Amino acid sequence: MAKYLSKWLGVLTIMFYMTLSADAQQVAMKTNLLYDAAMTPNVGMEVGLGKKHSFQVFYGLHPWTFGHGDDKKQLKHWVVNPEWRYWFCHRFNGSFLGIHAFGGQYNAYKIKMPLGWWKELQDDRFEGWFVGGGVSYGYQWVLSRHWNFEAALGVGAAYIDYDRFKCGDCGKKVDDGDKIYIGPTKAALSLLYLF
């Protein structure tokens, strides 16, 4: 838990220092409300790079386990998600196309994935790391001088490396390997505060 907290604080510190020299309407702090609903605290920063370009970085952390004994489930993870964006009108307003990347670590057990993907997660514990990327499309609505709302979706691919263990917290390693995932890689409903 301490290593997750130190990563979280490090990202926040870097983002804070980046805002100290920011011009008006050049920087936005944001949170993805979908991550928040999934109990994954997250923070992002988007920086304007020109009239039609911006760059954002998100960091999310889910350090909790749910349930006890045989009902215990977990999808502990942290993720970093950078993205370059091209705006069709001007930054922080209207439609954009993005190229995103992501990477992080996970520890998952008794999780039912959508569409029956990776069925073994329901019975065994998997831990490892992942990296990937894709393309995205989104739209930002101006709510007021300092507040915007954004919706974005993305598709792409991910490489997932894993170690597989029998049972939850105990058990010896029974397998290791990797998987390739192709499909949705981004979903965001974000609230932004513009400086």
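The structure displayed is predicted, hence computed values, not measured ones.
V47 and V43 fall within a single hydrophobic cluster, where Ile, Leu, Val, Met, Phe, Trp and Tyr are joined by side-chain heavy atoms under 4.5 Å apart, directly or via other members. Grouping the Ile, Leu, Val, Met, Phe, Trp and Tyr side chains by contacts below 4.5 angstrom, directly or via other members, places F149 with Y137. By the criterion of side-chain heavy atoms lying less than 4.5 angstrom apart, applied directly or through intervening Ile, Leu, Val, Met, Phe, Trp or Tyr residues, L34 is grouped together with M45 in one hydrophobic cluster. In this structure, V131 is not a member of the same hydrophobic cluster as I99, with clusters built from ILVMFWY side-chain heavy atoms closer than 4.5 Å.
To the nearest 0.5 Å, the span separating CD on Q26 from CG on L194 amounts to 10.5 Å. Rounded to the nearest 0.5 Å, atoms CH2 (W87) and NZ (K51) are 14.0 Å apart. Annotation: the span from Q56 atom CD to S190 atom OG amounts to 7.0 Å, rounded to 0.5 Å. The distance from atom CG of N107 to atom OH of Y162, rounded to the nearest 0.5 Å, is 15.0 Å. Between the CH2 atom in W64 and the NZ atom in K76 there is a gap of 11.0 Å [rounded to 0.5 Å]. Interatomic distance, OG1 of T40 versus CG of L75, reported as 7.5 Å (0.5 Å rounding).
Within the cation-pi definition used here (under 6.0 Å to the ring centroid, within 45° of the axis), R125 qualifies as a partner of F165.
Looking at M29 and F195, their side chains come closer than 4.5 Å, going by heavy atoms from C-beta outward. Between W129 and Y159, the closest side-chain pair of non-hydrogen atoms falls below 4.5 Å. Counting only heavy atoms from C-beta outward, the side chains of D178 and I180 never approach each other to under 4.5 Å. Side-chain contact between K52 and Y86 is present, with at least one heavy-atom pair separated by less than 4.5 Å. Within the 4.5 Å cutoff, side-chain heavy atoms of V80 are placed close to those of V57. Counting heavy atoms from C-beta on, the side chains of Y59 and V79 never come closer than 4.5 Å. Residues L191 and L143 are in side-chain contact: their nearest non-hydrogen atoms beyond the backbone lie under 4.5 Å apart.
Using modelled atom types, no side-chain atom of N42 and backbone atom of Y35 make a donor-acceptor pair closer than 3.5 Å. No side-chain donor-acceptor contact under 3.5 Å links D36 to the backbone of P41. A donor-acceptor contact shorter than 3.5 Å links the side chain of N148 to the backbone of F92. Looking at H77, its side chain never comes within 3.5 Å of a backbone N or O of Q105 through a donor-acceptor pair.
Aromatic rings from Y193 and W147 are positioned such that their centres are separated by under 6.0 Å. Ring centroids of F96 and W84 are separated by 6.0 Å or more, keeping the two rings apart.
E83 and K186 make their closest contact through OE1-NZ, 3.2 Å (heavy atoms, listed as atom of the first residue, atom of the second, distance). Closest of all the heavy-atom pairs between G154 and H100 is CA-CE1, 4.1 Å. Closest approach of G177 to D161, counting heavy atoms only: O-OD1, 3.4 Å. The two atoms that bring N81 and A101 nearest to each other are ND2-O, 2.5 Å, heavy atoms only. Across all their heavy atoms, A187 and N32 have their closest contact at O-ND2, 3.1 Å. For the residue pair M39 and H62, the shortest heavy atom distance occurs at O-CD2, 2.9 Å.
Inspection of the Q140 and R91 side chains reveals no N or O donor paired with an N or O acceptor under 3.5 Å.
Between D124 and K166 a salt bridge is recorded (basic side-chain N to carboxylate O distance below 4.0 Å).
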